[in-house]
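Reviewing the structure listed below.
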Amino acid sequence: MSEPKILGQFQLEHRTIQVSGDDGNAGTVWLQRLHPDPPMALGCVVELDSSTPRLRLYRAEWPDALREQAKEQTIKIWRASRD
């Protein structure tokens with residue numbers, strides 16, 4: 001199994017979030033908080049190739065609006081990486 005490829009990153013309030021994925025699992029990407037320290041795995045967005053992608057967070061309890069922003073930014077990065 002190959003290491004996930006870094007697809008991009010985005011800012012969400014005070015957080016810098018990195019998006020990574022691999023060719024073998026094209027419908028899923030993983031999110032990791034890079035800043036603030038310490039870096040932490042946040043979760044994933046699954047079913048990106050469907051009409052209803054889902055954000056799954058491991059521990060973070062974000063309000064709905066913040067969850068939607070994270071999902072939208074992730075989808076944008078994922079789509080750009082496939083062009």
Side-chain angles (χ1 to χ4, degrees):
M1 180 192 243
S2 62
E3 285 292 315
K5 176 183 170 187
I6 297 171
L7 305 178
Q9 64 183 32
F10 62 93
Q11 293 295 127
L12 187 64
E13 292 184 333
H14 63 281
R15 304 165 189 87
T16 301
I17 298 174
Q18 177 177 283
V19 179
S20 60
D22 58 53
D23 297 332
N25 201 351
T28 301
V29 294
W30 292 268
L31 306 177
Q32 180 176 6
R33 184 188 72 202
L34 299 179
H35 180 80
D37 282 334
M40 174 185 295
L42 294 175
C44 58
V45 177
V46 299
E47 301 175 23
L48 283 161
D49 47 1
S50 77
S51 60
T52 56
R54 298 179 198 188
L55 172 64
R56 297 190 175 162
L57 298 174
Y58 300 139
R59 290 176 278 225
E61 295 181 12
W62 295 349
D64 290 344
L66 202 57
R67 293 174 66 89
E68 192 61 30
Q69 286 178 1
K71 186 168 75 171
E72 288 173 6
Q73 290 292 326
T74 301
I75 292 167
K76 187 187 319 183
I77 289 170
W78 179 74
R79 285 186 178 146
S81 76
R82 297 179 60 82
D83 290 341

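As the structure is a computational prediction, the values presented were derived from the model and not from experiment.
- Rounding to the nearest 0.5 Å places CD of Q18 at 9.0 Å from CG of L7.
- A donor-acceptor pair under 3.5 Å is absent between the side-chain atoms of R79 and the main chain of R82, judged by distance alone.
- Residues L31 and T74 are in side-chain contact: their nearest non-hydrogen atoms beyond the backbone lie under 4.5 Å apart.
- Atom CD1 of I6 has 12 or fewer heavy atoms from other residues, nucleotides or ligands within 6.0 Å.
- Evaluation of the side-chain hydrogen bond (donor to acceptor under 3.5 Å, both in side chains) test over residues 59-68, restricted to residues two or more places apart or in two chains, returns none.
- Linking Ile, Leu, Val, Met, Phe, Trp and Tyr whenever their side-chain heavy atoms come within less than 4.5 Å leaves V19 and V46 in two separate clusters.
- Here Q32 contributes atom CD and L42 contributes atom CG; the two are 7.5 Å apart, rounded to the nearest 0.5 Å.
- Among residues two or more places apart in sequence or in another chain, the side-chain hydrogen bond (donor to acceptor under 3.5 Å, both in side chains) test is passed with S81 by none.
- Across all non-hydrogen atoms, the minimal contact from W30 to C44 is CD1-CB, 4.0 Å.
- L34 and W78 fall into different hydrophobic clusters, defined by Ile, Leu, Val, Met, Phe, Trp and Tyr side-chain heavy atoms under 4.5 Å apart, directly or through other members.
- In this structure, the separation between CG on D49 and CD on E47 is 8.0 Å, given to the nearest 0.5 Å.
- Considering all non-hydrogen atoms of both residues, L12 and A70 come closest at CD2-CB, 3.8 Å.
- For K71 against L55, the heavy-atom pair with the smallest separation is CD-N, 4.2 Å.
- To the nearest 0.5 Å, atom CD of residue Q11 and atom CD of residue Q69 are 12.0 Å apart.
- Pairs of residues two or more places apart, or lying in two chains, that qualify as salt bridge (charged side-chain N to carboxylate O under 4.0 Å, His left out) and include a residue from residues 7-16 are E13-R15.
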